[in-house]
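Below you'll find the structure, written out as structure tokens, and then a few comments.
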Amino acid sequence: QPAQKGFETRIAQQLVRFDPARPVIIEAESSKVGARIVPPTLWAAMKAAPRIQIDAPIDARAIYLADAYRDILAEREPLATKLEPLRRHRGSIIDQWMDVWDTGDMVALTTRMMEDHYDPTYRSGRARHQADVLERFAVTGLGDNDRADLAVRIADWVRSVS
């Protein structure tokens, strides 16, 4: 990863390229990107901004995440190390996740992680910030074609409201 200053510089370089009259869609999952922190003023604006929401069934999300994070899920000890900071929030659930990892079923693991930690955490964050949801997009899957179709639907919607 770049140094924090370089990270912020790259963000600024991208932001100045945007047309202020047009909507910008940004994934606002966390104020951290790896070890880097989204600049606080940008993060505050992102939290307050109206949003779109993508609704996908948990099984589709679990399959997608097991594939997308295959490298992170591949080895037990590095994964356990990455999950250790969550222990203060989730306690022995981390051990249960590692028991699931031991079965080799990474889809089951990502399902459990979403159910036990990530979904409740995101719901809590969204409730605190209460930003307007401008549009919801429902999908049944998250395969390559599903995501391509979703991108077209979102782009069409943005054009219709711009």
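Between Ile94 atom CD1 and Lys82 atom NZ the span is 14.0 Å, to the nearest 0.5 Å. Within the model, atoms CG of Leu134 and CD1 of Ile52 stand 8.5 Å from one another, a figure rounded to the nearest 0.5 Å. Rounded to the nearest 0.5 Å, atoms CZ (Arg76) and CG (Asp102) are 4.0 Å apart. Rounded to the nearest 0.5 Å, atoms OG1 (Thr110) and CD (Glu115) are 9.5 Å apart. Taken to the nearest 0.5 Å, the CZ atom of Phe137 stands 11.0 Å off from the CD atom of Gln53. If you take CG on Asp99 and CH2 on Trp101, they are separated by 11.5 Å, rounding to the nearest 0.5 Å.
The hydrophobic clustering, which links ILVMFWY residues whose side-chain heavy atoms are closer than 4.5 Å, places Val152 and Ile54 apart. Connection of Met114 to Ile63 is not established within any shared hydrophobic cluster, with ILVMFWY side chains joined at heavy-atom distances below 4.5 Å, either directly or through further cluster members. When hydrophobic clusters are built by joining Ile, Leu, Val, Met, Phe, Trp and Tyr residues whose side-chain heavy atoms come closer than 4.5 Å, directly or via intermediates, Val24 is not grouped with Trp157. Hydrophobic clustering, with ILVMFWY side chains joined whenever heavy atoms are under 4.5 angstrom apart, groups Met46 together with Phe7. Under the 4.5 Å side-chain heavy-atom criterion for grouping Ile, Leu, Val, Met, Phe, Trp and Tyr, Ile154 is not connected to Phe18 through any hydrophobic cluster.
Shortest non-hydrogen contact noted between Val139 and Ala56 is CG2-CB, 3.5 Å. Closest approach of Pro39 to Glu8, counting heavy atoms only: CG-CG, 3.7 Å. Taking both residues in full, the closest heavy atoms of Pro85 and Arg88 are given as O-CG, 3.6 Å, listed atom of the first, atom of the second, then distance. Counting all heavy atoms, side chain and backbone alike, Arg112 lies closest to Val100 at NH1-CG2, 4.1 Å. Residues Ser30 and Val38 share a closest heavy-atom pair of O-CG2, 4.2 Å. Across Met98 and Ala80, no two heavy atoms sit closer than the pair CE-CB, 4.0 Å.
A side-chain donor-acceptor contact under 3.5 Å links Gln4 to the backbone of Ile37. Under a 3.5 Å cut-off, the side chain of Glu135 and the backbone N or O of Val158 do not form any donor-acceptor pair. In this structure, Asp156 contributes its side chain and Arg153 its backbone to no donor-acceptor pair below 3.5 Å. Judged by distance alone, with hydrogens and angles left aside, the side-chain atoms of Arg51 form no donor-acceptor pair with the main-chain N or O of Val133 at under 3.5 Å.
A 6.0 Å sphere centred on OH of Tyr69 holds no more than 12 heavy atoms belonging to other residues, nucleotides or ligands. Heavy atoms of other residues, nucleotides or ligands lying less than 6.0 angstrom from CZ of Arg10 number 12 at most.
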- Query: Which is it for Leu86 and Tyr118 under the side-chain contact (heavy atoms from CB on, under 4.5 Å) test, yes or no, and what are the steps along the way?
  - Reply: CA-CA 11 Å; Leu86 294 179; Tyr118 292 99; 3.8 Å; yes

- Task: Start with the C-alpha gap between Tyr64 and Val107, add the side-chain angles, then the distance that decides, and say whether side-chain contact (heavy atoms from CB on, under 4.5 Å) holds.
- Result: CA-CA 9 Å; Tyr64 173 78; Val107 172; over 6 Å; no

- Report the C-alpha separation of Asp116 and Thr111 in whole Å, then their side-chain angles, then the decisive distance to 0.1 Å, and conclude whether the side-chain contact (heavy atoms from CB on, under 4.5 Å) test is met. CA-CA 8 Å; Asp116 296 341; Thr111 299; over 6 Å; no

- Message: Before you tell me yes or no, could you show the steps for Leu83 and Met113 under side-chain contact (heavy atoms from CB on, under 4.5 Å), namely the whole-Å CA-CA distance, both residues' side-chain angles and the distance that decides it to 0.1 Å?
- Response: CA-CA 10 Å; Leu83 295 175; Met113 292 171 81; 3.5 Å; yes

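One side chain, Arg90 or Thr121, offers a donor N or O that lies under 3.5 Å from an acceptor on the other.
Taking the six-membered ring for Trp and thresholds of 30 and 60 degrees, His89 and His117 have ring planes inclined between 30 and 60 degrees apart.
Using a cutoff of 4.0 Å between basic side-chain nitrogens and carboxylate oxygens, Arg61 and Asp55 are not scored as salt-bridged.
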